[in-house]
Amino acid sequence: MSNRSPTATIFADLKSAFDQLWFEECLGKLTRMEIPTAFVNWIRAWLSDRKAMIEVQGNHSRWIEIDRGGPQGSSVTPTLFITYHSDMTDFIPGAMSFFFADDLAAVLAGQIGIRFTDQCIDLEHRLHTFFEQLEFYAILAVQPINYSKTQAMFSARAVCYPNPLPQVHCGDHKVKWITSFRYLGYWLSTKLGWGHIINKRKLIVRQGTALVNSFRISGTSSTHLRRILFSTFVLPYFTWLFALFPLFTELQRTSLNHLYFTLLKRAYRCQCWEDFIFSSMYNEKHLDDYCYAYWEKYLKALGKSKGGYLLWEQSDLNDYRSKWQEGDGSIRCLRRSKRFVSHRNVLEQAITWMATHGTTDSVIHYSYEDFLCFTRFPDSFK
C-alpha cells in the first residue's frame with residue numbers, strides 16, 4: 001500500500017481442520033523433512049489403531065476405525081497439522097501468506113508503477129490464479145476448504161475504489177467481499193487503520209469494568225477485591241494493544257491512557273479525581289508505563305529469535321527502498337512514481353516512541369502539603 005498499489009487480503013478457512021489430517025501423507029512429509037525415523041515411528045504408532053463409537057440416546061454403534069484426524073485435546077495434533085501444511089506456500093507463490101493453526105491469510109497486491117485501473121485488473125488476474133492454486137493444493141492435501149467462511153477484503157490508499165469489486169470464485173463458490181474481519185483477535189479494516197481495533201477494545205473493557213463493579217460477596221465488595229478483579233478481567237484486554245501501542249497516534253494513546261484511569265477510578269469509586277492525583281494517591285502506573293516495560297522485554301527477546309532477525313531484515317529492505325525512492329539506486333524495469341509514500345518500519349516507530357517516553361514508572365509523587373493545597377485550591381491545578 002505504501003507503493004499506492006491496490007491490495008487484497010484473502011481469509012481462507014479450512015473445514016474440520018484437525019479432523020482431516022491424512023496420516024500417510026503426513027508421515028511421508030515428515031520423512032522428506034528428514035525427521036529422525038524413531039520420531040516418525042512413534043508418531044505412526046500414536047496415530048494408528050484408534051477406534052471410536054457413536055452413542056445416541058443410549059444406543060451404541062459398532063466400533064469404527066479412524067484413519068484420519070488427530071486426537072482432540074492433544075498438543076501434538078496442531079503441531080502435526082502445521083507441519084503437514086508447511087509446504088502450502090510452495091503452491092501459492094504469488095501471495096504473501098500467513099498461516100496460524102487453521103487460519104490462512106494471504107495478501108496479494110497489484111503491479112506497481114502502472115495506472116491504478118491497470119493495477120486493479122492485474123490484481124483481479126492474480127486473485128483468480130491464487131484461488132486456482134489454493135483449490136489445487138486442497139485437492140492434493142485432501143484438506144477441504146470452508147467456502148462459507150472464505151472471504152476477501154480490498155485495501156488501497158486511493159480515494160476511489162473499483163465499483164463494483166471484481167467477482168472472484170473459489171471452486172464453484174463466489175467469494176464475498178467484506179469491509180472488516182477479525183483475525184487472531186484483531187479487527188482489520190479496509191484502510192488498515194487502528195480506530196476499529198481501539199473502539200472494539202474500549203467497548204469490551206467498559207463492559208468488563210461494569211461487571212467488576214457489580215460483583216458482590218454477601219452483598220458487598222471491597223476496593224482491594226475490585227482492584228484484583230480489574231487486573232484479572234479488564235487489564236488483559238489492554239495488554240492486547242501493547243504490541244501496537246507505539247504505532248498509534250498521540251491522540252489515540254492519550255485517549256487510551258485516560259480511559260484506563262477512568263475505568264480504574266470507577267473500580268476505586270473515586271471518579272471525581274484528576275488522573276495525575278489518582279495516580280499519585282494509589283501509586284497506579286500509566287498505561288504507557290506498562291507498554292514501555294512490555295517493549296523492553298520484547299526487544300531483548302527479538303534479539304535472540306528468528307522473528308527478530310526477520311524484522312531487522314525488513315528494516316534493511318525498507319532502508320533500501322527509501323534510498324531507491326530518493327534516487328540513490330535504480331531497479332531495472334521499475335520506475336519511481338510520485339504516488340509512492342515513505343514507509344517507517346515497526347521497530348523504528350517502537351524505538352522512537354520508547355526514546356520519547358523513556359521510563360517504566362512515570363507516577364508523580366506529591367507531598368501531603370501538595371494534596372492539602374489541592375483540596376483548598378482545586379482550580380489552580382487545572
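Values reported hereafter were calculated over all heavy atoms of this structure, with side chains retained and with hydrogens, waters and symmetry mates removed.
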Determine, stepwise, if the pair F98 / T9 fulfils side chain to side chain contact (heavy atoms under 4.5 Å, CB included). CA-CA 10 Å; F98 304 90; T9 307; over 6 Å; no

Show your reasoning for whether side chain to side chain contact (heavy atoms under 4.5 Å, CB included) applies to S97 and L104. CA-CA 7 Å; S97 58; L104 171 65; 4.1 Å; yes

In sequence, state the C-alpha distance, the side-chain angles, and the governing distance for I35 and T83, and then conclude on side chain to side chain contact (heavy atoms under 4.5 Å, CB included). CA-CA 11 Å; I35 302 297; T83 307; over 6 Å; no

Residue pair F230, T209: steps toward the side chain to side chain contact (heavy atoms under 4.5 Å, CB included) verdict: CA-CA 7 Å; F230 184 90; T209 306; 3.9 Å; yes

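Interatomic distance, R227 CZ to Y268 OH, rounded to the nearest 0.5 Å: 4.5 Å. Considering CD of E284 and CG of D275, their distance stands at 12.0 Å, rounded to 0.5 Å. In this structure, CG on L241 lies 10.0 Å from NZ on K202, to the nearest 0.5 angstrom. A distance of 5.5 Å separates CD of Q167 from NE2 of H169, quoted to the nearest 0.5 Å. Separating the CD1 atom in I92 from the CZ atom in F130 is a distance of 5.0 Å, to the nearest 0.5 Å. The CG atom of L188 sits 6.0 Å away from the CD1 atom of I197 when rounded to the nearest 0.5 Å.
In this structure the side chain of L211 never reaches within 4.5 angstrom of the side chain of F233, judged on heavy atoms. Side-chain contact check for D103 versus D13: some heavy-atom pair is nearer than 4.5 Å. Side-chain atoms of I10 and L127, non-hydrogen and from C-beta on, do get closer than 4.5 Å to each other. F131 is not listed as a side-chain neighbour of H173, based on a closest heavy-atom distance of 4.5 Å or more. Looking at heavy atoms from C-beta onward, S279 lies in side-chain contact with H286 at the 4.5 angstrom threshold. Within the 4.5 Å cutoff, side-chain heavy atoms of L302 are placed close to those of S305. R44 has its side chain within reach of E24: a pair of non-hydrogen atoms, C-beta onward, lies under 4.5 Å apart. Using a 4.5 Å heavy-atom cutoff, the side chains of R226 and R269 are in contact.
Placement of L165 and Y147 within a single hydrophobic cluster is found when ILVMFWY residues are connected by side-chain heavy-atom separations under 4.5 Å, directly or transitively. Side-chain heavy atoms closer than 4.5 Å link hydrophobic residues (I, L, V, M, F, W, Y) into clusters, and following such links, even through other members, never connects I112 to I121. In this structure, L203 is not a member of the same hydrophobic cluster as F261, with clusters built from ILVMFWY side-chain heavy atoms closer than 4.5 Å. With hydrophobic clusters built from ILVMFWY side chains whose heavy atoms lie under 4.5 angstrom apart, F181 shares a cluster with L184. L80 and F39 end up in the same hydrophobic cluster when Ile, Leu, Val, Met, Phe, Trp and Tyr side chains are linked at under 4.5 Å.
Residues A350 and W295 come closest through the heavy atom pair CB-CZ3, 3.6 Å. Closest heavy-atom contact between L123 and P6: CD2-O, 3.8 Å. In this structure, S5 and Q119 approach most closely via the heavy-atom pair OG-NE2, 3.6 Å. Heavy-atom minimum distance, P166 versus E124: CB-CD, 3.4 Å. L299 and I351 get closest at one heavy-atom pair: CD1-CG1, 4.3 Å. Of all heavy-atom pairs spanning S148 and N146, the tightest one is OG-OD1, 2.8 Å.
Identified under the salt bridge (Lys or Arg N to Asp or Glu O under 4.0 Å) test for residues 72-96, with sequence neighbours left out: K29-D87.
With a 6.0 Å radius and a threshold of 12 heavy atoms from other residues, nucleotides or ligands, Q271 has its CD atom above the threshold. A 6.0 Å sphere centred on CZ of R62 holds no more than 12 heavy atoms belonging to other residues, nucleotides or ligands. Open room surrounds CD on E34; 12 or fewer heavy atoms of other groups in view lie less than 6.0 Å from it.
Here the two rings, on Y237 and W240, have centers that are 6.0 Å apart or farther. F278 has its ring centre less than 6.0 Å from the ring centre of Y282.
Side-chain atoms of Y290 never come within 3.5 Å of backbone atoms of F242 as a donor-acceptor pair (strictly under, hydrogens ignored). No side-chain donor-acceptor contact under 3.5 Å links T7 to the backbone of A156. In terms of modelled atom types and a separation under 3.5 Å, the side chain of T254 and the main chain of E250 share a donor-acceptor contact. With hydrogens and angles ignored, the 3.5 Å screen pairs a side-chain donor or acceptor of S61 with a backbone N or O of I54. Within the 3.5 Å criterion, the main-chain N or O of Q111 finds a donor-acceptor partner in the side chain of D122. Looking only at distances, a side-chain donor or acceptor of N257 sits under 3.5 Å from a matching main-chain atom of L287. Within the 3.5 Å criterion, the main-chain N or O of F248 finds a donor-acceptor partner in the side chain of R253. Not one N or O on the side chain of S255 forms a donor-acceptor pair closer than 3.5 Å with the backbone of Q252. N41 places no side-chain N or O within donor-acceptor distance of the main-chain N or O of A38, the cut-off being under 3.5 Å.
Aromatic ring pairs are classed by plane angle as parallel below 30°, tilted from 30° to 60° and perpendicular above 60°; the pair F238 and Y260 is perpendicular. Ring geometry for W353 against F245 counts as perpendicular: the plane angle is over 60°, on a 0 to 90° scale with 30° as the lower cut. The aromatic rings of H196 and W187 sit perpendicular to each other, their planes meeting at more than 60°, with 30° as the lower class boundary. Ring geometry for W42 versus W46: interplanar angle under 30°, hence parallel rather than tilted (30 to 60°). Taking the six-membered ring for Trp and thresholds of 30 and 60 degrees, F11 and Y183 have ring planes inclined between 30 and 60 degrees apart.
For the pair K51 and W63, the cation-pi criterion (under 6.0 Å, within 45° of the ring axis) is not fulfilled.
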